[in-house]
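All remarks here apply to the structure that follows.
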Protein chains: 4
Amino acid sequence: MDSTTASTRQRRKEARPAELAAAALALFVEKGFAATRLDNVAARAGVSKGTLYLYFDSKEALFRAVIEESVLPLIEASEARVVANLDDPARLLRALLVEWWECFGATPLGGTCKLMISEGGNFPEVAAYFNEQVIGRWSALLRQVIEAGIARGVFRPGSPEALRQMVFHPLLMQSVLQHSMFAGPPGRPLPEQYFDTYFDFILRGLGAADTQEPR
Amino acid sequence: MDSTTASTRQRRKEARPAELAAAALALFVEKGFAATRLDNVAARAGVSKGTLYLYFDSKEALFRAVIEESVLPLIEASEARVVANLDDPARLLRALLVEWWECFGATPLGGTCKLMISEGGNFPEVAAYFNEQVIGRWSALLRQVIEAGIARGVFRPGSPEALRQMVFHPLLMQSVLQHSMFAGPPGRPLPEQYFDTYFDFILRGLGAADTQEPR
Amino acid sequence: MDSTTASTRQRRKEARPAELAAAALALFVEKGFAATRLDNVAARAGVSKGTLYLYFDSKEALFRAVIEESVLPLIEASEARVVANLDDPARLLRALLVEWWECFGATPLGGTCKLMISEGGNFPEVAAYFNEQVIGRWSALLRQVIEAGIARGVFRPGSPEALRQMVFHPLLMQSVLQHSMFAGPPGRPLPEQYFDTYFDFILRGLGAADTQEPR
Amino acid sequence: MDSTTASTRQRRKEARPAELAAAALALFVEKGFAATRLDNVAARAGVSKGTLYLYFDSKEALFRAVIEESVLPLIEASEARVVANLDDPARLLRALLVEWWECFGATPLGGTCKLMISEGGNFPEVAAYFNEQVIGRWSALLRQVIEAGIARGVFRPGSPEALRQMVFHPLLMQSVLQHSMFAGPPGRPLPEQYFDTYFDFILRGLGAADTQEPR
DNA sequence: CATGAATGAGAGTTCATTCAT
DNA sequence: AATGAATGAACTCTCATTCAT
């Protein structure tokens with residue numbers, strides 16, 4: 001019963017839902033919800049099809065779980081970081097975006113963005129949840145940083161929401177594309193110079209004072 | 001039987017494939033390929049399900065046709081415009097992007113991008129075709145303009161491909177999002193100020209000398 | 001469109017639901033609802049499995065249709081007969097019961113009684129419908145005849161409902177048993193003397209004046 | 001480990017099969033064989049699903065056991081009573097039927113009859129066994145009493161088998177209906193007057209001389 | 001040309017049965 | 001002896017595809 005006597009069976013049982021959700025995420029991202037066969041999900045997780053139903057009530061419940069479990073950890077860490085570093089918005093912005101890319105956008109979790117773009121229309125409540133808990137909170141963070149930058153005169157004035165899109169969408173589109181069509185060899189890193197060009201571009205775009213400093 | 005009805009029929013007959021493809025595009029974009037029912041496509045086009053098979057061999061053939069018919073017109077017009085106006089890259093860039101948005105991104109055709117992001121992995125040949133004929137040619141155009149700007153000293157030096165992404169992806173993401181999840185009322189226009197902020201941002205990002213000129 | 005041009009296809013289409021319901025009734029009665037396979041229903045009706053779904057939304061809908069279509073005709077004919085012949089209750093009772101047996105109890109329709117006994121608990125709304133529209137109306141008819149007989153002094157006094165059960169349940173049980181367990185060769189008629197013994201018994205049981213007359 | 005707990009365990013162990021069979025009987029009667037889930041049987045008996053397989057080889061073996069254990073006790077007692085009391089057939093008949101109702105028909109065991117009506121067709125050997133060991137012996141008893149009555153001139157002449165059905169089927173149908181569709185509050189007793197009307201009716205039906213004696 | 005009734009392979013889901021613990 | 005996680009065959013239901021009309 002206690003942790004020391006946990007059997008192999010027990011350990012598997014506790015790990016199962018996460019394993020199954022990971023397998024499902026990969027296939028949902030690759031093929032879409034409707035085109036993903038539960039046989040394939042089960043096979044990828046190394047279990048039989050029936051086992052899926054021990055942990056999830058239906059294919060749709062699996063989808064919801066995949067989204068819900070994929071999204072929360074990063075946001076909270078980032079929110080904590082923001083409140084502590086608003087005095088150097090340019091550096092903070094760069095740190096947030098790099099972290100987003102490395103911990104989310106470039107990982108399998110990043111597939112959730114492609115997945116919600118593809119399937120959101122078929123699952124309005126899941127889309128609403130994702131919008132509130134993930135997109136909304138993350139967007140608010142970025143707007144906060146941009147507003148701080150404008151307030152401090154580091155960035156030029158402008159609509160924080162529009163500027164947020166200019167800043168974030170190139171990186172988001174990178175993530176979406178890497179989980180789509182031309183994924184190439186999976187895990188292929190961005191070209192070396194990408195982040196240099198990216199940050200130079202968005203800081204110039206924001207009218208940041210010191211865009212000339214080399215990296 | 002008489003000439004009048006014959007010509008009416010004739011017109012219908014010739015228009016049919018395009019009507020069917022338009023109905024299919026709308027539903028493929030809204031629901032995805034696998035979740036779209038041919039019954040619904042037929043109903044939206046006002047024909048019976050069997051009629052679809054008079055014009056398309058299979059659901060997949062319909063998908064290919066949808067993609068193939070959606071993409072060519074704009075590119076050729078844009079290509080012609082580019083060769084004629086390379087001497088003012090900033091103005092040309094703005095004109096191209098506005099045109100792309102108004103003639104493609106904001107129209108039902110813009111759904112094609114969302115569709116290829118969602119379904120490209122399931123249709124590699126279609127994705128390859130789309131990549132070559134649309135993405136490749138359009139990207140080449142934009143790179144050409146950016147390179148011209150750099151060569152003329154209007155834009156700062158940098159990787160043309162990376163810069164193309166910074167310039168184009170915010171707009172592309174707008175189009176994708178409008179055809180996805182949170183489409184809101186369909187056809188909702190972008191906020192007035194969006195293009196002002198957008199062009200100001202990307203021209204600053206490109207290091208363009210005169211970013212203050214009004215649109 | 002009109003009846004003369006009705007095609008083979010058309011004629012089949014109109015007859016299909018009844019054919020399918022008849023096949024389903026036979027198998028539901030024989031095996032029960034849960035143990036009946038839709039494959040078998042389709043095969044017995046000479047169609048494919050998918051065809052069932054052109055006419056019935058689900059297995060349960062098929063069950064409802066089977067019950068609802070099996071029950072109404074007899075009742076109405078019997079109700080009409082009753083109001084016209086209440087002045088000779090003994091003869092009327094005999095006529096009603098013979099008719100019930102020949103037009104319902106001994107036919108495939110009689111299986112509905114066995115079916116509702118077996119499955120009523122799993123389909124409360126269907127059972128309620130059957131109870132109101134069939135059992136209730138038929139029981140009311142019999143009670144009416146018995147009450148008329150008591151009022152005229154032809155039958156001895158007693159609870160009409162209890163007497164109805166004594167009168168009807170032997171015949172009902174015959175029908176149920178013939179559609180159950182020991183059906184023997186289907187359509188096996190009752191032994192010659194059964195009805196003689198039956199009517200003699202129930203008329204004596206009702207205290208009818210002239211139970212001594214031989215048939 | 002000590003003798004006290006060992007004996008408790010022992011008692012549980014020996015009682016288990018009967019507890020499991022009782023749980024199964026209740027659910028088989030309520031829902032039918034195919035619609036009864038072994039999970040539910042196990043839950044109702046307070047054990048896990050796997051435990052069922054320690055005592056019964058399969059769901060069908062459980063069904064056989066349920067039937068076989070439900071039937072024998074009453075018959076033997078009744079058979080003994082019959083041989084000792086054939087000299088007063090009317091009184092004996094009444095006693096047998098009251099006993100059948102109180103010890104079988106009105107108890108959970110009475111559900112066996114409904115169950116065999118519902119499922120007999122799917123289990124021919126079980127049905128044959130039930131037919132021989134229960135129905136056959138019980139019917140023979142009743143016929144014996146009826147024949148004795150006829151021989152003594154207490155009942156009018158007639159086919160003993162047909163008369164047996166007239167006599168027994170109203171009571172049997174009561175039992176079947178109480179375990180079916182409209183069971184109402186379970187265990188609801190028959191109306192007070194039911195047995196009065198019932199015995200009056202069948203003794204009149206049998207042409208018994210003295211049907212006026214109160215119960 | 002156009003229809004829509006019919007098909008049947010293939011999907012999601014259930015549940016009797018097994019077996020490592 | 002008892003458990004319950006795991007299995008996979010078998011079910012209901014769907015829908016792209018066909019073809020007689």
Side-chain angles (χ1 to χ4, degrees), chain A residues 5-14 16 34-42 45-62, chain B residues 9-10 12-13 16 33-43 46-62, chain C residues 5-14 16 34-42 46-62, chain D residues 9-10 12-13 16 33-42 46-62:
Chain A
T5 62
S7 64
T8 298
R9 197 75 163 253
Q10 202 59 33
R11 263 178 277 120
R12 285 311 288 278
K13 191 194 170 193
E14 281 159 13
R16 274 284 150 80
T36 294
R37 307 297 155 219
L38 290 184
D39 293 275
N40 297 338
V41 174
V47 302
S48 75
K49 198 166 38 160
T51 300
L52 285 172
Y53 285 86
L54 295 177
Y55 299 97
F56 303 98
D57 285 345
S58 66
K59 192 184 185 185
E60 183 168 340
L62 176 58
Chain B
R9 255 188 162 177
Q10 204 58 29
R12 283 307 292 276
K13 180 186 167 185
R16 272 283 153 81
F33 177 80
T36 294
R37 312 290 155 229
L38 290 187
D39 294 88
N40 297 340
V41 174
V47 301
S48 77
K49 193 166 44 159
T51 300
L52 284 173
Y53 283 83
L54 296 175
Y55 298 98
F56 303 98
D57 286 345
S58 67
K59 192 184 186 187
E60 183 169 340
L62 175 59
Chain C
T5 62
S7 63
T8 297
R9 197 74 163 255
Q10 202 58 33
R11 263 178 277 120
R12 287 310 290 277
K13 193 196 169 192
E14 280 158 15
R16 274 284 151 77
T36 294
R37 306 296 156 219
L38 290 185
D39 293 278
N40 297 339
V41 174
V47 301
S48 76
K49 199 168 33 163
T51 301
L52 285 172
Y53 285 86
L54 295 178
Y55 298 97
F56 303 99
D57 285 346
S58 66
K59 192 185 185 184
E60 182 169 340
L62 176 59
Chain D
R9 255 190 166 176
Q10 204 58 30
R12 282 309 291 276
K13 180 186 168 183
R16 273 284 154 80
F33 177 80
T36 295
R37 310 289 154 233
L38 289 186
D39 294 87
N40 297 339
V41 174
V47 302
S48 77
K49 192 165 44 160
T51 301
L52 285 174
Y53 282 84
L54 296 175
Y55 297 98
F56 303 98
D57 286 346
S58 67
K59 192 184 184 186
E60 182 168 341
L62 176 58

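Below, each value reflects all heavy atoms present in this structure, side chains not excepted, and no hydrogens, waters or symmetry copies. As the structure is a prediction and not an experimental result, all values here were calculated from the model. All chains are named by letter (A, B, ...) in the order of the sequence lines, taking the proteins before the strands, and each is independently numbered beginning at 1.
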Per-nucleotide protein contact string for nucleotides 11-16 of chain F, where B marks a base within reach and S marks sugar-phosphate only (heavy atoms under 4.0 Å, - for neither): SBBBSB
Separation of atom CG in D:Leu52 from atom C1' in E:dC19, rounded to whole Å: 16 Å
Value rounded to 0.5 Å, distance of CG in D:Leu38 from CZ in D:Phe56: 11.0 Å
Exercise: identify the closest heavy-atom pair between B:Lys59 and B:Ala34: NZ-O, 3.6 Å
Phosphate-side-chain proximity, D:Arg16 and F:dA1, N/O vs OP1/OP2 below 4.0 Å: no
Phosphate contact (F:dA2 OP1 or OP2) by D:Thr51 side-chain N/O below 4.0 Å: no
Residues forming a side-chain hydrogen bond (donor to acceptor under 3.5 Å, both in side chains) with B:Thr51, sequence neighbours excluded: B:Ser48
Candidates F:dT7, E:dA6, E:dT7 - which lies nearest the side chain of A:Leu54: F:dT7
Pairing stems for DNA chain E [at least three consecutive pairs; Watson-Crick or G-U; under 3.5 angstrom]: E:2-21 with F:2-21
Any C:Arg16 side-chain heavy atom under 4.5 Å of C:Leu54 side chain: no
Sugar-phosphate only, base, or nothing, as touched by C:Tyr55 at under 4.0 Å among non-hydrogen atoms: sugar-phosphate
Neighbour count above 12 (heavy atom, 6.0 Å) for C:Asp57 CG: no
